[in-house]
Amino acid sequence: MTKVHPKFPNTCEESLCDSKAAAVLTVWKKSLLFNCDGFTVYNSNGDLVFRVDNYMNSSKDNIVLMDASGLPLLSIRRKKLSLGDCWMVYDGETQRDPIFTARKNVSIMTNRRSLAWVSAKKTVLYEIEGSFGQRSCKILDERRDKKKTAEIKRKEALVGGVAFGKDVFKLIVESEMEPSVAMAFTIILDQMFRSY
């Protein structure tokens, strides 16, 4: 049987941030808890790294990214009464001073491949391009001449090359970006482009 999180050679193993190698994470759009909506994220060794558990009846406007033990890392909240789709990312479970703000691209006058912009204190830091529906996105660092810092790709089985579908995909995070931040951007993209 094909595993959702097989071991990959030549990837960041010990810590997700202490190496120059890119971290290859497997994202499964499934909660570990019964009757919940969320994400389960594994590293290349098959160890649980991040999780998101939202009860079906709870609001989708407040999402908490947790580590493997359930400690909150980042909170993601939809900005109320904003033009367009706007999300705020906070440290832990605080509600003061957002770290990032992500805004969906709704303009037909700008880059059509652009899905969203991420900013901090009104300065654009990242542009996200591609197609989240096809699980083919790049997170580009605006401060480093649009250098790719993370990428979302379809995941294929190592044996036979069979695709897992849209619920299982790879998140490849370069050493310049914190994996939890890349995962927060992935959650925001899922909220912006989810099909209900």
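Computed from heavy atoms alone, side chains included, the values below leave out hydrogens, waters and symmetry copies. Just so it is clear, the model here is predicted, and its values are computed rather than measured.
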In one Ile/Leu/Val/Met/Phe/Trp/Tyr side-chain cluster, 4.5 Å: Ile76, Met192: yes

Residues at least two apart in sequence or cross-chain that pass side chain to side chain donor-acceptor pair (under 3.5 Å) with Lys147, listed by chain then number, are Glu176

Going by heavy atoms in the side chains, are Met66 and Leu71 under 4.5 Å from each other? no

I want to check something: taking the side chain as every heavy atom from C-beta on, are Val49 and Pro179 in contact at a cut-off of under 4.5 Å? no

Applying ring-ring contact (aromatic ring centres under 6.0 Å, His included) to Tyr126 and not counting sequence neighbours gives Phe185

Keeping Ser131 on the side-chain end and Gln134 on the backbone end, is there a donor-acceptor pair under 3.5 Å? yes

Under a 4.0 Å N-O cut-off, is there an ion pair linking Asp61 with Lys80? yes

Is it possible for you to say whether Phe100 and Ile188 belong to one hydrophobic cluster, with membership spreading through side-chain heavy-atom contacts below 4.5 Å? yes

Between Asp85 and Arg78, is there a side-chain N and carboxylate O pair less than 4.0 Å apart? yes

So, Arg135 side chain and Phe132 main chain: donor-acceptor pair closer than 3.5 Å or not? yes

Indicate yes or no for a side-chain donor-acceptor contact from Lys166 to the backbone of Gly133 under 3.5 Å, with no hydrogens or angles considered. yes

Quick one: do the Thr26 and Lys155 side chains pair a donor with an acceptor below 3.5 Å? yes

When you compare the side chain of Lys79 with that of Arg77, does any pair of heavy atoms fall below 4.5 Å? no

Is it true that, when you exclude Lys138 itself, more than 12 heavy atoms of the residues, nucleotides or ligands shown sit nearer than 6.0 Å to its NZ? no

Tell me if a side-chain donor or acceptor on Thr186 pairs with a main-chain N or O of Ala182 at a distance below 3.5 Å. yes

In terms of side-chain geometry, is the basic nitrogen of Lys148 or Glu174 positioned less than 4.0 Å from the acidic oxygen of its partner? no

Looking at Lys29 and Asp190, does any basic side-chain N land under 4.0 Å from a carboxylate oxygen? yes

Before you tell me yes or no, could you show the steps for Arg103 and Trp87 under side chain to side chain contact (heavy atoms under 4.5 Å, CB included), namely the whole-Å CA-CA distance, both residues' side-chain angles and the distance that decides it to 0.1 Å? CA-CA 6 Å; Arg103 189 173 305 276; Trp87 292 80; over 6 Å; no

Are any side-chain N or O atoms of Asn45 and backbone N or O atoms of Asp47, one a donor and one an acceptor, separated by less than 3.5 Å? no

Only counting residues at least two apart or in another chain, list the ones meeting side-chain contact (heavy atoms from CB on, under 4.5 Å) with Arg96. none

Would you check if Thr101 and Val118 make a side-chain contact, meaning some heavy-atom pair closer than 4.5 Å? no

